[in-house]
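Counting starts at 1 for both ligands and their atoms, following the listed order. Keep in mind that the numbers below use all heavy atoms, side chains included, and drop hydrogens, waters and symmetry copies.
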Amino acid sequence: MGRGESTFFHVILTTECNLQCTYCFGEAIEDVDPDFPDSEVDYHLPRIISYGTETLDRFCRQDPDCVLTFYGGEPLLQIDKVKSIMDNVHTKHFMIQTNGLFLNGLEPEYVNRFHTILVSLDGDEDTTDSFRGKGTFRKVINNLKLIRKNGFEGEVIARMTIMEPIDVYKQVNWLLGNAEFLFSSVHWQLNAGFWKNDFQRRKFHEWISQSYNPGIHSLAKSWVDRMADRGVVLRLYPFLGIAQSFLEGETQNMLRCGGGWANYAIQTDGYIVPCPTMWGMKNYYLGHIDSANPLNLKQIFVGEPCSNCDILDICGGRCLYANITKRWDKEAYASVCDTVRNLIESISEQTPRIRNLIKEQKINPKSFEYMKYNGCEIIP
Ligand code: SF4
Ligand code: SF4
């Protein structure tokens, strides 16, 4: 699989966030031993961008197909910077990953230019608010209704962070079928392998075997049932990416998120890293936007255990950050790989049905196409 036409960059606009979500803020406090193998870490990045917009423009102009995704912290804490970059930097597309709370503060003339908005929600109101704070859900949903009313026609992707006790089957179906705001695009990522001390405290293993894995299996079936009943291919990104590979007979031995080879991140100080989570890891700095060429950046690949895995050619490696930093030990991470196997098997099992539906012209094979490296990692 090639990198495609565009290079993608997460632009970290600020290191600050206005929320204190359990799986991010809470864990960062507990992660008191931030030693990273083989890398010196710069913990003192500027709070906001310290390079000039014209430097970013010069960098992007070297690749006319460059795609920028605003990222943080929470990028809409820097609304003026968002506008200034959208006014002055030449790109193919702009996208944003946001918690959605300040979307009402950005004028429609800017919002409506986003190709895609990825908004953090974990499912229904109780679930979202229990992780992200009371009132978050209502505010985000109101903002999403507002941007649609104001003419936003691009893709809105609900980006879920999943961990125990979330019932993935129930919550994804809630997003797809509720009376508040109907999502047709959903992505989820497991909170797994990112923090040093959490596995021992959590019940991750029990949760994946009793809830998450069976939930994914049922969800894959209901995804294809919906294709058969209504001719609709919902954009459940983890399913979409793997199904597309099966349908096209494509192998995938590079990270499906694009981290380190197709989708990079620009820190607030202008240094380029393989992925936003690798901010400050000096040994992985790939150049600075004042001198680097976006079309000629070094590529970083996953190592053990992924490099020797029997399903690397369909998984692609899940996560470079987790692979490099090894925050979870081998046994703990094996549980994560079990979820990958289960996901792949669940889609593989449904693929003959999908092929039949295509053959019978009940669904269009083009419905499985998507913009790769749009911020959905595919492998949760
Ligand atoms: S299943 Fe696990 S070990 Fe195998 S490629 Fe994926 S993340 Fe790596
Ligand atoms: S999966 Fe890992 S490497 Fe890829 S974008 Fe997410 S955190 Fe970065």
Engineer: Specify the protein heavy atom at minimum distance from atom 6 (Fe) of ligand 2: its residue, its atom name, and the distance to 0.1 Å.
Structural biologist: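 The answer is Glu377 OE2, 3.2 Å.
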Engineer: What protein heavy atom is closest to atom 3 (S) of ligand 2, reported as residue, atom name and distance in Å?
Structural biologist: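 Here the closest protein heavy atom is Leu320 N, 3.3 Å.
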Engineer: Please determine, by modelled atom types, if Thr7 and Asp63 share a side-chain donor-acceptor pair under 3.5 angstrom.
Structural biologist: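 Result is yes, a qualifying pair exists.
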Engineer: Quiz question: by atom type and distance under 3.5 Å, do the side chains of Gln78 and Thr14 form a donor-acceptor pair?
Structural biologist: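 No, no side-chain donor-acceptor contact under 3.5 Å.
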Engineer: Which residue in the set Trp188, Tyr237, Tyr370 passes side chain to side chain contact (heavy atoms under 4.5 Å, CB included) when paired with Cys376?
Structural biologist: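 For Cys376, the side chain to side chain contact (heavy atoms under 4.5 Å, CB included) test succeeds with only one of Trp188, Tyr237, Tyr370, which is Tyr237.
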Engineer: Taking the side chain as everything from C-beta on, heavy atoms only, tell me whether Gln189 gets closer than 4.5 Å to Phe194.
Structural biologist: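 Yes. Closest side-chain heavy atoms under 4.5 Å.
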Engineer: What protein heavy atom is closest to atom 4 (Fe) of ligand 1, reported as residue, atom name and distance in Å?
Structural biologist: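 Here the closest protein heavy atom is Cys309 SG, 2.4 Å.
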Engineer: Which protein heavy atom lies closest to atom 2 (Fe) of ligand 2, and at what distance to 0.1 Å?
Structural biologist: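 Heavy-atom neighbour on the protein nearest atom 2 (Fe) of ligand 2: Cys319 SG, 2.3 Å.
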Engineer: Do NZ/NE/NH1/NH2 and the carboxylate oxygens of Arg159 and Glu377 come within less than 4.0 Å?
Structural biologist: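 Yes, Arg159 and Glu377 are salt-bridged.
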Engineer: When you check the side-chain N and O atoms of Tyr110 and Asp87, is any donor under 3.5 Å from an acceptor?
Structural biologist: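 Checked: Tyr110/Asp87 side chains pair up, N/O donor to acceptor below 3.5 Å.
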Engineer: So which heavy atom in the protein is nearest atom 8 (Fe) of ligand 1, and how far is it from that ligand atom?
Structural biologist: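 The answer is Cys306 SG, 2.4 Å.
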Engineer: Would you say Arg318 contacts ligand 2, with heavy atoms under 4.0 Å as the rule?
Structural biologist: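 Arg318 counts as a contact of ligand 2 under the 4.0 Å cut-off.
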Engineer: Using a 4.0 Å heavy-atom cut-off, which part of Val336 comes near ligand 1: side chain, backbone, both, or neither?
Structural biologist: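 Within the 4.0 Å criterion, Val336 makes no contact with ligand 1.
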Engineer: Apply the side chain to side chain contact (heavy atoms under 4.5 Å, CB included) test between Phe9 and each candidate in Leu68, Leu56, Ile289, Thr69; give the one that qualifies.
Structural biologist: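 Considering Leu68, Leu56, Ile289, Thr69, a side chain to side chain contact (heavy atoms under 4.5 Å, CB included) with Phe9 is found only for Leu68.
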Engineer: Nearest heavy atom to atom 7 (S) of ligand 2 wins, so pick from Cys275, Gly193, Gly259.
Structural biologist: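 Checking each option, the heavy atom nearest atom 7 (S) of ligand 2 is found in Cys275.
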Engineer: For Gln189, take its heavy atoms, then give the atoms of ligand 2 lying under 4.0 Å from any of them.
Structural biologist: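 Here the atoms of ligand 2 in question are 1 (S), 6 (Fe).
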Engineer: Starting from atom 1 (S) of ligand 1, find the nearest protein heavy-atom neighbour and note its residue, name and distance.
Structural biologist: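 For atom 1 (S) of ligand 1, the nearest protein heavy atom comes out as Ile311 CD1, 3.7 Å.
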Engineer: One thing to verify: whether Asp290 and Arg58 come together as a salt bridge, which I'm taking to mean a side-chain N less than 4.0 angstrom from a carboxylate O.
Structural biologist: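 Salt bridge between Arg58 and Asp290, a charged N being under 4.0 Å from a carboxylate O: no.
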Engineer: For ligand 2, which atoms have a heavy atom of Cys257 less than 4.0 angstrom away?
Structural biologist: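 Atoms satisfying the 4.0 Å criterion: 1 (S), 3 (S), 4 (Fe), 5 (S).
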Engineer: Give the atom numbers and elements of ligand 1 that come within less than 4.0 Å of a heavy atom of Gly317.
Structural biologist: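 Answer for ligand 1: 5 (S), 7 (S).
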Engineer: Measure Cys315 to ligand 1 on non-hydrogen atoms and call it side chain, backbone, both or neither using the 4.0 Å cut-off.
Structural biologist: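 Looking at Cys315 and ligand 1, just side chain atoms fall under 4.0 Å.
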Engineer: Suppose I only count heavy atoms of Thr277 and a 4.0 Å limit; which atoms of ligand 2 are within that range?
Structural biologist: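 Checking each atom against Thr277, I get 7 (S), 8 (Fe).
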Engineer: Applying side chain to side chain contact (heavy atoms under 4.5 Å, CB included) between Val340 and each of Ile314, Ile311, Leu190, report the one that passes.
Structural biologist: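 In the set Ile314, Ile311, Leu190, the residue that makes a side chain to side chain contact (heavy atoms under 4.5 Å, CB included) with Val340 is Ile311.
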